[in-house]
Protein chains: 2
Amino acid sequence: MSTRTDAPTRREQILREAARLFAERGFHGVGVDEIGAAVGISGPGLYRHFPGKDAMLAELLVGISERLLDGGRLRVEAAAGDDRALLAALIDGHIDFALDDRSLIILHDRELDRLRDDDRKRVRRLQREYVELWVSAVRRLHPAPAEAEARAAVHAVFGLLNSTPHLGPGLPTRAATEALLRALAHGAFAALPADGAAGSGEGEPRSEDGEPRPAREVAGG
Amino acid sequence: MSTRTDAPTRREQILREAARLFAERGFHGVGVDEIGAAVGISGPGLYRHFPGKDAMLAELLVGISERLLDGGRLRVEAAAGDDRALLAALIDGHIDFALDDRSLIILHDRELDRLRDDDRKRVRRLQREYVELWVSAVRRLHPAPAEAEARAAVHAVFGLLNSTPHLGPGLPTRAATEALLRALAHGAFAALPADGAAGSGEGEPRSEDGEPRPAREVAGG
DNA sequence: TGTCCAGGTTAACGACCGCTAACGGCCTTG
DNA sequence: CAAGGCCGTTAGCGGTCGTTAACCTGGACA
């Protein structure tokens, strides 16, 4: 039941504004007075809803990690073995998330180290499970030589999809942004080596017969 | 001119450690005492080399932006009109940078807002010029329907390449990481819609390889 | 109507942080 | 040897920040 019809709670207001401010100026760069002012109350009034500033960040990060993982698991079930559809669904879901909750996406990989140890471990575990969902799907589609390579590729595609904050108001419509990110993500995965080591530098389509080439030299030294 | 052979200056030590600490814990999360301790002096001794903490961040960000742009311009000249080689060289150069200076890459898009106004404008201008180098190369190769789309794609690929910090010690060798990132970046660009106005003479037939095209409903408006 | 409590308020405390002040060795130079 | 700049040191100031304390208020309710 995630359908919300009633007005947002004061707690939810605070969380939303805190996420926005943390993403804009960094966790340490935002004072509790600013967060309070953003929701119409002032400073210490926040402590009626949260035990402290850290708790807000923790709840934000745990919440986003859980929602990502839950969404991913749902898609795994819905795909029912169709790995190609699964990867597409994971990509679409992540894009939706990145576009809907830009602030949280920023916090997710930027302010993790500001958490208390147990919270950080919890978030890390959730993130790892989410990544593993992607990794196993990618590996079944693209049997890369090593699991580490698939995992690195997944992280890289996360970086691509999470570039949303830097896009600004570039693209005209949200649908256009979605379509672009989707195409880029699929293109990146499609470049994964299907057999040996990573792809070549200049030949853009992966060559299933070529020897794994060493690193290309940079033009111009 | 810029060839360095002698040992690193105390200034350079400070900058390197400051970059590392800022990247790890955020600009506001690092005290001057920590930076001093990281180079063997303590706290206020830093003020013999920098007018303030802000100045360190400014010098780091301006420096990285200038180096990125200079490197990009060199590659533009070296490519001498070969857009395919140019894009490959830009990608390789950016990968080198992301792998060599992980800390700076993090700071580059994370702590920009902590700068004074004039410094921030300067960095933004340098970043914009660097992006434009990529955008024009990409547009000549892939006549996307809109410049905004090409620019968004470039930002997204930056996000992909800059995912290095999240990779941890995943890949065995640096060469493997380079090759992987290179392949992913090329794959992403290859997925850009190539139709446009068909201004390019050679229609690249790289989409006929059996892979199902990613659902690319280009938002008509 | 009296009581209670959720949800605010302002004042203030203690810790921390960036930065300055004042001082002192060391190395170079004449 | 004397002078002076370079490069450190420690002490401390002023401001900010997270948090707590104490108090206030409007509405729910027996």
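These numbers come from the heavy atoms of this one structure, side chains and all, not from hydrogens, waters or symmetry mates. Within every chain, numbering begins at 1; the chains are lettered A, B, ... in the order of the sequence lines, protein sequences first and strands thereafter.
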Below 4.5 Å, heavy atoms only, C-beta onward: do [X] and [Y] meet side chain to side chain?
{"X": "A:Arg122", "Y": "A:Arg116", "value": "no"}
{"X": "B:Leu107", "Y": "B:Ile64", "value": "no"}
{"X": "B:Phe50", "Y": "B:Leu15", "value": "yes"}

By the 4.0 Å heavy-atom rule, please label A:Gly52 as base, sugar-phosphate, or nothing.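 Answer is sugar-phosphate: A:Gly52 comes under 4.0 Å of backbone atoms only.
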Rounded to whole angstrom units, what separation is found between the [atom1] atom of [X] and the [atom2] atom of [N]?
{"X": "A:Asp54", "N": "D:dC17", "atom1": "CG", "atom2": "P", "value": "15 Å"}
{"X": "A:Ile35", "N": "D:dC17", "atom1": "CD1", "atom2": "C1'", "value": "12 Å"}
{"X": "B:Phe50", "N": "C:dT20", "atom1": "CZ", "atom2": "P", "value": "15 Å"}
{"X": "B:Leu46", "N": "D:dT10", "atom1": "CG", "atom2": "P", "value": "13 Å"}
{"X": "B:Phe27", "N": "C:dG18", "atom1": "CZ", "atom2": "P", "value": "8 Å"}
{"X": "B:His49", "N": "D:dC6", "atom1": "NE2", "atom2": "C1'", "value": "9 Å"}
{"X": "A:Gln13", "N": "C:dG7", "atom1": "CD", "atom2": "P", "value": "12 Å"}

Which atoms of nucleotides 20-27 of chain D (N or O only) lie under 3.5 Å from a protein N or O atom, and what are those distances?
residue: D:dA22; atom: N6; partner: A:Arg48; partner atom: NH2; Å: 3.2

Would you give the length of the straight line joining atom [atom1] of [X] to atom [atom2] of [Y], rounded to the nearest 0.5 angstrom?
{"X": "B:Glu66", "Y": "B:Glu129", "atom1": "CD", "atom2": "CD", "result": "10.5 Å"}
{"X": "A:Leu192", "Y": "A:Arg139", "atom1": "CG", "atom2": "CZ", "result": "11.0 Å"}
{"X": "B:Met56", "Y": "B:His49", "atom1": "CE", "atom2": "NE2", "result": "9.5 Å"}

Under the side-chain hydrogen bond (donor to acceptor under 3.5 Å, both in side chains) rule, what do A:His108 and A:Asn162 come out as? Steps first, then yes or no, please. CA-CA 10 Å; A:His108 192 239; A:Asn162 295 349; 5.6 Å; no
What nitrogen or oxygen pairs link the protein and nucleotides 13-17 of chain C at under 3.5 Å?
none

Is the side chain of B:Arg67 donor-acceptor paired with the backbone N or O of B:Val62 at a distance under 3.5 Å, no angle test?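 Not a single qualifying donor-acceptor pair exists.
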Would one find a side-chain N or O of B:Arg10 under 4.0 angstrom from OP1 or OP2 of D:dG8?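 Result: yes.
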Intermediate values then yes/no, ring pair (Phe, Tyr, Trp, His ring centres under 6.0 Å), B:His166 and A:Phe158: CA-CA 10 Å; B:His166 307 283; A:Phe158 283 171; 9.4 Å; no
